[in-house]
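For reference, the structure discussed in these notes is given below.
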Amino acid sequence: MGGGRLTPRDREDIEAGLAEGLACAAIARRLGRPTSTVSREVARNGGRGGYRAEHADRAAVWRRRDRRPPRAARRDAGTGAARGPDHADAAGGPLGHGPDGTGDDTARGADPAAVHAYVDGGAAVLAVAGAPRTAARALACLVTAPSGALTAAELAERLRVSPASVSKAVGYLEALDVLTRRYEPGRRRPFHVVDDGVWLRTWRAGARKNAVWAETARRGIELFGAGSPAGVRLEAMRRFFAGVHREMAGASATEILDDAGTVVAALLHAGRPLTAGELAGALGWTRGRTAAAVDAAEHPPDATGPVALRRTPSGALLVGDRQGRLTPAQRTALARPVEPPRPAADPTGRP
């Protein structure tokens with residue numbers, strides 16, 4: 001059974017076999033290769049549904065260049081030494097990105113030393129943001145890997161750390177929902193993948209965290225009182241995180257103000273205090289949308305015109321007139337019982 005590196009023709013045959021629905025073992029027999037070689041090749045390059053011979057070829061070239069010492073890489077680049085059929089030259093060669101050799105700089109032969117420096121720089125940025133260094137390096141390594149998928153053993157080899165360190169880093173990233181695990185048929189060890197939806201999930205998770213911070217500050221205001229020094233600081237904190245949440249949630253200012261008006265109308269119609277949860281249930285909204293609408297109704301002060309949202313000691317919401325709209329005399333007059341109108345006097349003078 002043949003050994004050695006897979007050739008571009010081998011990879012084309014693998015892609016054709018997968019398109020026919022053949023198992024890795026059948027494809028391996030057709031190529032005269034070990035089944036493990038074919039299954040590993042498929043798993044590390046997109047799996048059965050995403051394997052592409054051209055992409056797998058580029059990834060193989062990059063992996064070999066990444067393992068080569070920088071000095072050897074520079075010597076090969078300077079002398080233009082001939083390479084085997086699996087290699088692409090700097091201009092594109094048999095594995096270029098098109099007939100004219102155009103394509104991204106990575107597969108065209110970026111300097112491994114520059115790539116390592118870039119990965120370390122990206123990891124340093126993530127570490128400054130609070131991520132553990134090994135986890136930051138693992139994420140940067142996965143993002144820049146040609147296939148976008150690496151096993152724990154491959155991560156340990158690239159990062160030059162122990163398997164235990166990789167396991168801890170992967171666990172940290174999985175807890176943040178940044179990494180996913182992908183299993184391939186016939187393989188016991190999973191591949192760690194940074195999929196295309198990770199950044200949207202991270203954005204939404206950040207929006208939810210900001211909403212939690214705003215709600216935590218609001219509860220603190222109720223505890224300490226809005227006029228206390230702690231309450232003033234917590235109100236500034238609440239407004240900041242509530243504003244960031246609104247921006248990240250993606251709703252426009254017009255939509256939020258319209259929702260604020262709906263909240264006021266709902267409270268007027270109910271005629272009694274309602275909690276945010278009761279409002280959300282009655283309006284058929286999510287809690288996040290309700291919280292954003294309530295916040296918009298409370299700030300800025302003139303968002304809801306002459307009426308204002310108030311909170312009861314228990315935190316329920318109600319609608320009242322805005323301070324400053326009525327004078328004290330007007331309030332006193334409106335608070336007095338309404339006297340029934342006196343009957344008009346008879347012009348004839350009769351009682």
Side-chain angles (χ1 to χ4, degrees), residues 129-130 176 202-338:
L176 296 178
T202 303
W203 179 269
R204 287 175 174 171
R208 289 193 296 270
K209 289 178 181 178
N210 287 315
V212 170
W213 276 107
E215 176 62 20
T216 301
R218 187 193 65 77
R219 292 199 302 269
I221 294 170
E222 293 178 356
L223 175 63
F224 295 102
S228 67
V232 172
R233 289 191 295 270
L234 286 167
E235 172 61 12
M237 170 182 165
R238 188 199 67 78
R239 294 186 64 179
F240 172 79
F241 283 106
V244 174
H245 171 69
R246 286 198 301 271
E247 292 292 332
M248 295 183 71
S252 67
T254 302
E255 293 171 335
I256 294 175
L257 287 176
D258 185 65
D259 283 353
T262 301
V263 165
V264 171
L267 290 169
L268 285 171
H269 180 77
R272 60 184 177 85
L274 296 175
T275 66
E278 290 171 334
L279 265 176
L283 297 174
W285 291 355
T286 63
R287 287 184 175 270
R289 181 180 178 182
T290 304
V294 169
D295 184 72
E298 291 179 316
H299 304 282
D302 59 349
T304 53
V307 296
L309 252 65
R310 306 191 190 285
R311 293 184 183 271
T312 66
S314 64
L317 298 159
L318 55 84
V319 175
D321 63 285
R322 190 172 299 284
Q323 292 291 339
R325 177 67 66 170
L326 299 173
T327 66
Q330 290 171 330
R331 291 176 183 275
T332 301
L334 290 169
R336 287 199 296 263
V338 178

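Note: hydrogens, waters and symmetry copies are ignored here, and every other heavy atom, side chains too, is used.
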>> Could you work out, with salt bridge (Lys or Arg N to Asp or Glu O under 4.0 Å) as the rule, every residue matching Arg311, not counting sequence neighbours?
In response: Glu298
Between [X] and [Y], which heavy-atom pair has the shortest distance, and what is it?
X      : Y      : result
Phe224 : Gly231 : CB-N, 4.4 Å
Pro273 : Ala316 : CB-CB, 3.8 Å
Ala214 : Phe241 : N-CB, 3.9 Å
Leu279 : Ala266 : CD2-CB, 3.9 Å

Roughly how far, to the nearest 0.5 Å, is the [atom2] atom of [Y] from the [atom1] atom of [X]?
X      : Y      : atom1 : atom2 : result
Leu267 : Arg272 : CG    : CZ    : 9.5 Å
Leu318 : Leu274 : CG    : CG    : 9.0 Å
Glu278 : Leu317 : CD    : CG    : 9.5 Å
Arg233 : Ser228 : CZ    : OG    : 8.0 Å
Arg218 : Glu235 : CZ    : CD    : 11.0 Å

> With side chains defined as the heavy atoms from C-beta onward, is the minimum distance between Thr290 and Leu283 less than 4.5 Å?
Replying inline: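 Not touching, per the 4.5 Å side-chain cut-off.
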>> Just so I know, are the side chains of Val319 and Leu309 near enough to count as touching, which here means a heavy-atom distance under 4.5 Å?
In response: yes
>> Could you work out, with side chain to side chain contact (heavy atoms under 4.5 Å, CB included) as the rule, every residue matching Ala226, not counting sequence neighbours?
In response: Ile221
>> Taking the basic N atoms (NZ, or NE/NH1/NH2) and the acidic carboxylate oxygens, is any pair closer than 4.0 Å for Glu222 and Arg219?
In response: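 Result for this pair is no, no salt bridge flagged.
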> Can you tell me if CH2 on Trp213 sees more than 12 non-hydrogen neighbours from other groups inside 6.0 Å?
Replying inline: no
